[in-house]
Amino acid sequence: MSKVCQLFSGSSGNSIYIESKNTKILVDAGVSAKRIENALSGLCDPSDINAVIVTHEHSDHTKGLRVFASRYGIPVFAPEKCLEKMICENTVSEKVECHTARQVQIGNIDVSPFRLSHDSVDCFGYSFALPDGRKVSVCTDTGYVTDQAEKSILGSDLVFLESNHEVTMVENGPYPYPLKQRILSDCGHLSNFACAEFAVRLAQSGTTRFVLSHLSKENNYPEIARQTTLSALNGIDLKEGTDFRLYVSPAENKERPIVL
């Protein structure tokens, strides 16, 4: 039996917990170490985490990394350029083991990175092959779904998929023009519509659980994000509750983990 849970999601901080029978992994540590510890209560002891895997160096993914990883002596894996930048900026402690993200086995979970398109020095998503044959993928912070990402993610049982913004809300919102252009660009964030389009391809490849993630507080509403993907899946004659399950991650998740 495996468990997954998006502890935190959005521009205020991101972190995902993945657990198999003997292995526990944290993807990103974008809030304070204290908040991560509190969120893990009831899931595991923080000292039992086998690795923290970082998608990229932006603070909403690394804010609590230095304190959390060093406090419990947890190895950190990150894209090469991202890791170099985090070491230079003291985002990660020199006291912990640091590894360049690559295809690797952590405990009994096989981890496979894939490149995303985001305005960071480096940005990866990850697929996790669990020992029970299930596959979980994390695809957030990308302007579009790269060919490498799609190839890696297809066939996943569950996907944490970015549904960041509604395009018209960005275009008509209060953000300055350069920021709007950044969000809407190929190295920005995935829109509700782009998310829904990819969700259809995922469903056709066998994905049955979707967790809409990294929603913008200013440029989206959970019900809009959910309805966009739901309509797309209904459009290929799939029924929620029968053929798939659709979740929307709140900024801070207080619900039980998803059991696979």
Practice task
Just do the side-chain hydrogen bond (donor to acceptor under 3.5 Å, both in side chains) check on Glu166 and Asn220 with the steps written out, would you?
Solution key: CA-CA 5 Å; Glu166 182 67 19; Asn220 211 348; over 6 Å; no

Exercise for the section: Start with the C-alpha gap between Glu150 and Arg201, add the side-chain angles, then the distance that decides, and say whether salt bridge (charged side-chain N to carboxylate O under 4.0 Å, His left out) holds. Expected result: CA-CA 9 Å; Glu150 180 157 356; Arg201 299 199 295 277; 2.8 Å; yes

Problem - Any donor-acceptor N or O pair under 3.5 Å, side chains Tyr72, Glu37 - result: yes

Handout entry: Atom CG of Asp147: over 12 foreign heavy atoms under 6.0 Å
Key = no

Problem - Derivation of the salt bridge (charged side-chain N to carboxylate O under 4.0 Å, His left out) call for Arg209 and Asp157 - result: CA-CA 6 Å; Arg209 303 195 191 200; Asp157 295 278; over 6 Å; no

Problem - Exercise: do Gln6 and Ser249 side chains pair donor with acceptor under 3.5 Å - result: yes

Practice task
Answer with yes or no whether the side chains of Asp132 and Ser2 bring together a donor and an acceptor at under 3.5 Å.
Solution key: yes

Problem - Donor on one side chain, acceptor on other, Asn164 and Ser216, under 3.5 Å - result: no

Problem - Polar contact flag, side-chain donor to acceptor under 3.5 angstrom, Ser15-Asp28 - result: no

Handout entry: Donor + acceptor pair across side chains of Ser231, Gln227 (<3.5 Å)
Key = yes

Exercise for the section: Would you check if His165 and Leu184 make a side-chain contact, meaning some heavy-atom pair closer than 4.5 Å? Expected result: yes

Handout entry: Whether over 12 other heavy atoms sit under 6.0 Å from Tyr175 OH
Key = yes

Handout entry: Ser117 versus Asp186, side-chain donor and acceptor atoms under 3.5 Å
Key = no

Problem - Test item: Leu161 and Val211 side chains (from C-beta on) under 4.5 Å apart, heavy atoms - result: no

Exercise for the section: Assess the side chains of Asp141 and His61: does a donor N or O sit below 3.5 Å from an acceptor N or O? Expected result: yes

Handout entry: Distance-only donor-acceptor check, side chains Thr23 and Asn108, under 3.5 Å
Key = yes

Exercise for the section: Kindly indicate, with the supporting measurements, whether the criterion side-chain contact (heavy atoms from CB on, under 4.5 Å) is fulfilled by Met1 and Glu19. Expected result: CA-CA 9 Å; Met1 182 177 68; Glu19 175 189 326; over 6 Å; no

Exercise for the section: Check whether the side chains of Ser156 and Ser137 place a donor and an acceptor atom closer than 3.5 Å, and report yes or no. Expected result: yes

